[in-house]
Each structure stands twice: as C-alpha cells, then as structure tokens.
Amino acid sequence: MATDEPPERQLRVMPWWLVLVGLLIAAALGWLVLDLLLTEADRATQPDTRATLRIDAIRTGLTVVAGTGGGLALLLAARRQWITERAQRHQESVAARDQSHRDRVQAHAESVAEAGQRHQDRQSSAAEHDAAERRLTELYTRAVELLGNDSAAVRLGGLHALERLGQDNPGQRTTIAAVLCAYLRMPAPDDEPRETEVRRTAQRVLTRHLSADDAAHWPEVALNLVGARLVDFDAAGCTLVDANFTGAVFTGATTFAGATARGRLLLGAATFGDVVFEGLTADGEVMLDGVRGVGQASFDGAAFTGGLSCRRAGFAGPTSFHRATFGQPTSFDATRFEDTVTFREAVFDGALSMEHTEFGRSATFHSARFSNMALFRWTVFGAEALFDRARFADAANFGRARFHSMASFRDTQFSRRPQVEQARAMVDAGHRWPAGTVTERLDDEWLLLVDS
C-alpha cells in the first residue's frame with residue numbers, strides 16, 4: 001500500500017519588477033562604489049596619478065556592477081534549476097500516483113472478477129451437488145421400489161442396485177444397511193425357494209462389506225436383525241459393530257468364525273441350527289441369554305474379553321468351548337447342555353458361575369484354568385464330570401451339586417479346599433475326589449459330600 005507524500009509548497013511566479021529592482025540595485029551599488037572611488041581619485045595631486053586612479057575606479061565600479069549582475073544571474077539560474085528539479089519531482093510524483101491509482105483499479109477489477117468467479121463456482125458446485133443429490137435420491141427410491149416388487153428376480157435387482165449405490169456413495173451405506181436389515185426382519189413365507197434366495201442374497205450383501213481387511217469394507221455399519229429369519233448366515237471374518245440378533249432364527253449352518261465383535265454382540269433368545277463361533281474375538285459383552293441351539297455349537301478358541309452371559313440357554317447338540325478365553329465374569333446359570341460339552345483347556349480370567357446348570361451328558365473341564373471364583377452350586381452333572389488337571393486359583397464351590405456319574409478330579413490343583421457341602425454323587429461310580437473330601441452314604445444310590 002503506497003504511503004502518503006507530504007504536500008509541496010505552492011510555486012509562486014517571480015514578478016518582473018523584482019528582476020528590475022535587482023538590476024537597479026546592482027547599478028546603484030556600482031554607481032555608489034564608482035562615486036566613492038572617483039572621489040578618492042580626485043584627491044590625488046598628480047594629474048597622472050589622478051587619471052590612473054580614475055581609470056581604476058571606473059574599472060572597479062564596472063566590476064562591482066558586473067559581479068552583482070553575475071550574482072543575480074546565478075541566483076536566477078539556481079532558481080531555474082530548482083524549478084526544473086521540482087517540476088521533475090512533481091511529474092514523477094504524479095506518475096507514481098497515477099500508477100498507484102491504476103494498480104488499485106486493476107486490483108479492484110481483479111478482486112471483483114475473482115469474487116464473481118467464486119460466486120459462479122459456488123453456484124456451479126451447488127447446482128452439481130443438487131443434481132447429484134437428486135440423482136442419488138432417484139436411484140435410492142428406484143432401488144427400494146425394486147426391493148418391494150412381487151417378482152423375486154426384480155427384488156434381486158433391487159438388492160444389487162442398493163449395493164452398488166452404497167459402494168459408490170459412502171454416506172449412504174448406513175442407510176442402505178438399515179434398509180437391508182429391515183427387509184430381513186420382515187416376515188417371510190415358509191419354504192418359498194425364491195424368497196429364500198432373495199434373503200440369502202441380502203445377507204451376502206451385508207456380510208460382504210463387513211470385513212475390515214477387504215477393500216469393499218463399509219466401516220461403522222451396525223446390524224439390527226432383531227427377530228430376523230436368517231438362512232445359512234455367514235459372518236466369518238466380519239467386523240460386527242454393536243450387532244443385535246436378539247430373537248433371530250438361524251436355520252441351516254451359521255458361522256461367526258474368526259469374526260470380530262466391537263461393542264456388544266446381542267444374540268439373546270436366538271435359535272440356531274449348527275453354529276460356529278470358532279476364533280471369535282469380542283471386546284464387549286456377548287449376550288447369549290435364552291439361546292436355543294438344536295445342532296452342534298462350537299466356540300473353540302473364542303476370546304470373550306468383555307465377558308459372556310449365557311443364562312437359561314439350551315444346547316441340544318454337542319457343544320465345545322475348547323481353548324476359549326473368558327476375560328470378564330461369565331455366567332452359564334440355569335443353562336442346559338443336553339449333549340456332550342467340553343471346556344477343555346479353557347481359561348476363565350473372570351469369575352465363573354454355573355449355578356443350576358444341567359449337563360445331560362459328559363462335561364469336560366480337562367486342564368481348564370480358573371483364575372477367579374468358580375461356582376458350580378446346584379449344578380447337575382448327568383454323566384461324567386471331568387476336571388482332571390484343572391487349576392483353581394481362587395475359591396471353588398460345588399455345594400449341592402449332583403453327580404449322576406463319575407466325577408474325576410485327578411491331578412486337579414486347588415489354591416484352597418473346594419466347598420462341597422450338601423453335594424451328592426451316585427454310589428460306586430468310580431469317583432476321584434479332591435484330596436480331603438469326606439463322603440457319607442445316604443442310601444443305596446447316593447453319597448453325601450461334606451466339608452471337612
């Protein structure tokens with residue numbers, strides 16, 4: 001930004017009489033000097049001397065006149081030079097102000113043009129955004145309309161259209177996942193092959209984008225499949241965020257093998273055929289309260305870091321928790337295992353409660369590790385109860401438990417004597433009780449275990 005220059009004094013024109021006065025002063029000064037010198041020359045007594053002095057006096061007077069005139073001429077020349085320089089500075093100042101003005105005008109014009117271009121760009125961008133939003137809305141509406149068509153083939157097309165829309169528009173993925181979940185929650189006709197295929201496709205569309213290692217991953221998509229009917233549901237390797245399957249009906253083979261559950265995984269009151277949770281990793285609580293499993297169930301190698309609640313559940317087929325890890329308090333209270341169940345080499349870092357739990361066939365806890373309190377009060381072991389080589393680092397309570405077949409605690413390690421008060425066991429079943437266990441015979445069939 002140019003700085004303001006100090007104002008110049010106004011240039012005044014020299015009047016002509018001032019020059020005349022200067023000349024008159026020079027003449028008067030010369031005349032005065034001449035008169036003085038001539039007066040002095042006239043005082044000489046010799047004529048020759050007087051004549052010489054008069055000539056010198058005249059020469060001196062003329063010299064004074066010429067010198068004074070020369071001085072005046074120098075002053076006039078100096079003034080002319082000063083006026084010329086001032087005029088030059090004035091011209092340069094005017095030129096600079098003109099250039100500054102032109103620069104300001106140019107900058108203003110460029111600013112106005114730039115502002116106009118930005119406004120035009122914003123309008124263009126807004127128009128493009130509105131057009132894109134309208135197109136997106138039209139595509140979404142059309143896809144949802146296809147999903148509600150009576151034809152199974154058209155519904156399949158709607159599913160693929162929604163998937164493509166979500167893949168191209170990340171901001172719509174949560175909405176599209178919610179639409180697919182809502183479709184799966186809707187009642188489905190029983191044993192209708194075409195509708196079953198549509199539902200399988202909807203399941204695959206959801207799970208295909210839940211793998212965190214896949215380039216097509218849709219992050220932070222939560223599944224709400226409460227009460228849904230799911231056929232051969234395959235969530236192997238998926239990342240499930242606050243997934244809710246409460247009351248869902250899983251038919252066929254269901255797998256959550258290698259899945260990662262972030263937040264809570266709710267499966268309460270769900271019904272399963274064959275189900276696999278092998279290698280599942282859950283950082284939040286896994287809820288299996290009231291689950292009904294009619295086939296095999298495998299939880300081998302699963303890590304329930306946030307705890308497991310499996311109260312009042314029922315498993316009709318063989319169930320396995322081999323090498324499973326339980327990081328927080330775990331409960332199987334009032335759960336019934338009708339077939340064999342194994343917790344072989346399982347690790348319970350949190351407290352375990354199996355009160356009122358029923359094992360219809362053999363229950364194996366071989367080499368299991370209990371780092372916290374373990375409660376087996378009122379537990380019913382319908383067949384072998386095998387705790388061989390298990391380790392209890394805290395209290396173990398088997399009070400009022402029922403052992404209908406052999407109970408084996410061979411090489412089992414207890415940090416403190418287990419509580420067995422009022423527990424009962426069948427007579428002559430080949431039991432291997434912990435050291436120091438006291439038994440009393442009640443009748444021909446039952447033994448009573450007493451804390452010593």
Side-chain angles (χ1 to χ4, degrees), residues 129 132-189 192 194-251 254-256 259-271 282-287:
H129 177 73
E133 287 296 318
R134 285 195 299 271
R135 180 175 178 276
L136 185 61
T137 301
E138 292 173 358
L139 292 174
Y140 174 77
T141 303
R142 178 57 179 162
V144 173
E145 289 176 354
L146 294 176
L147 196 58
N149 195 278
D150 293 335
S151 172
V154 175
R155 293 199 297 275
L156 287 173
L159 290 174
H160 292 301
L162 283 173
E163 180 181 19
R164 184 169 60 253
L165 187 62
Q167 191 64 22
D168 295 338
N169 300 274
Q172 300 297 318
R173 292 171 180 175
T174 302
T175 302
I176 290 172
V179 170
L180 297 178
C181 288
Y183 182 81
L184 291 172
R185 291 196 303 268
M186 294 173 60
E192 210 289 306
R194 289 175 295 182
E195 177 59 18
T196 299
E197 182 57 31
V198 174
R199 288 176 172 268
R200 286 175 185 266
T201 302
Q203 294 172 188
R204 287 193 293 269
V205 169
L206 283 174
T207 57
R208 185 158 45 233
H209 299 287
L210 295 180
S211 177
D213 297 331
D214 197 305
H217 180 226
W218 293 2
E220 305 304 326
V221 170
L223 299 184
N224 179 7
L225 292 170
V226 176
R229 296 181 62 87
L230 306 172
V231 182
D232 294 328
F233 187 76
D234 184 359
C238 292
T239 298
L240 306 175
V241 181
D242 291 325
N244 191 346
F245 297 91
T246 302
V249 178
F250 296 85
T251 58
T254 302
T255 178
F256 291 88
T260 299
R262 292 170 46 198
R264 303 182 73 191
L265 177 57
L266 304 180
L267 290 156
T271 302
D283 60 11
E285 184 181 18
V286 177
M287 185 73 66

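What's counted below: heavy atoms across the whole structure, side chains too, no hydrogens, waters or symmetry copies. For clarity, every value in this text was computed on a predicted model and none was experimentally measured.
- One distance of note links SG of Cys181 with CD of Gln203; it measures 10.5 Å at 0.5 Å rounding.
- Contact detail for Val205 and His209: the closest heavy-atom pair is O-CD2, 3.0 Å.
- At most 12 heavy atoms of other shown residues, nucleotides or ligands fall within 6.0 angstrom of atom CG in Asp213.
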Which is it for Leu223 and Phe245 under the side-chain contact (heavy atoms from CB on, under 4.5 Å) test, yes or no, and what are the steps along the way? CA-CA 8 Å; Leu223 299 184; Phe245 297 91; 4.1 Å; yes

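- For the pair Thr254/Leu230, no side-chain contact is recorded, criterion being any heavy-atom separation below 4.5 Å from C-beta on.
- Considering CG of Leu206 and OH of Tyr183, their distance stands at 12.5 Å, rounded to 0.5 Å.
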What do the steps show when you test Thr196 against Arg199 for side chain to side chain donor-acceptor pair (under 3.5 Å), and what is the final call? CA-CA 5 Å; Thr196 299; Arg199 288 176 172 268; over 6 Å; no

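- Using the six-membered ring where Trp is involved, Phe250 and Phe256 have ring planes that are perpendicular, over 60° apart on the 30 and 60° scheme.
- A pairwise comparison of heavy atoms in Gly237 and Ser211 identifies O-OG, 3.8 Å as the closest pair.
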Given side-chain contact (heavy atoms from CB on, under 4.5 Å), test Val221 with Val241 step by step and report yes or no. CA-CA 7 Å; Val221 170; Val241 181; over 6 Å; no

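- The backbone N or O of Glu285 sits nowhere less than 3.5 Å from a side-chain atom of Arg264 that would complete a donor-acceptor pair.
- Pairing each heavy atom of Leu146 with each of Gly158, the nearest pair is CB-CA, 3.6 Å.
- The environment of Arg262 atom CZ is sparse: at most 12 non-hydrogen atoms of other residues, nucleotides or ligands sit within 6.0 angstrom.
- Once rounded to the nearest 0.5 Å, the distance linking CG of Asp232 with OG1 of Thr251 reads 6.5 Å.
- Taking each heavy atom of Asp150 and Arg155 in turn, the nearest pair found is O-NH1, 2.9 Å.
- Between the side chains of Ser151 and Asn149, no donor N or O sits under 3.5 Å from an acceptor N or O.
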Stepwise, does the side-chain contact (heavy atoms from CB on, under 4.5 Å) test hold for Glu163 with Leu180? CA-CA 10 Å; Glu163 180 181 19; Leu180 297 178; over 6 Å; no

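- Atom CG of Leu162 is separated from atom CG of Leu147 by 6.0 Å, given to the nearest 0.5 angstrom.
- Atom CZ of Arg229 has 12 or fewer neighbouring heavy atoms from other residues, nucleotides or ligands inside a 6.0 Å radius.
- Looking at Asp283, its side chain does come within 3.5 Å of a backbone N or O of Gly263 through a donor-acceptor pair.
- Here the CZ-CG distance, from Arg200 to Leu156, works out to 12.5 Å after rounding to the nearest 0.5 Å.
- Taking NE2 from His160 and CD from Gln167, the interatomic distance works out to 14.0 Å, rounded to the nearest 0.5 Å.
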Should Glu145 and Arg142 be marked as a salt bridge (charged side-chain N to carboxylate O under 4.0 Å, His left out) after you check the CA-CA gap, both sets of side-chain angles, and the distance that decides it? CA-CA 5 Å; Glu145 289 176 354; Arg142 178 57 179 162; 3.8 Å; yes

Given the rule in the side-chain contact (heavy atoms from CB on, under 4.5 Å) test, do Asp234 and Thr207 qualify, once you have shown the distances and angles that lead to the verdict? CA-CA 7 Å; Asp234 184 359; Thr207 57; 5.5 Å; no

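- Thr246 is not listed as a side-chain neighbour of Met287, based on a closest heavy-atom distance of 4.5 Å or more.
- Annotation for Ala235 and Phe233: closest pair CB-CE2, 3.6 Å, computed over non-hydrogen atoms.
- Closest heavy-atom contact between Val198 and Leu159: O-CD1, 3.4 Å.
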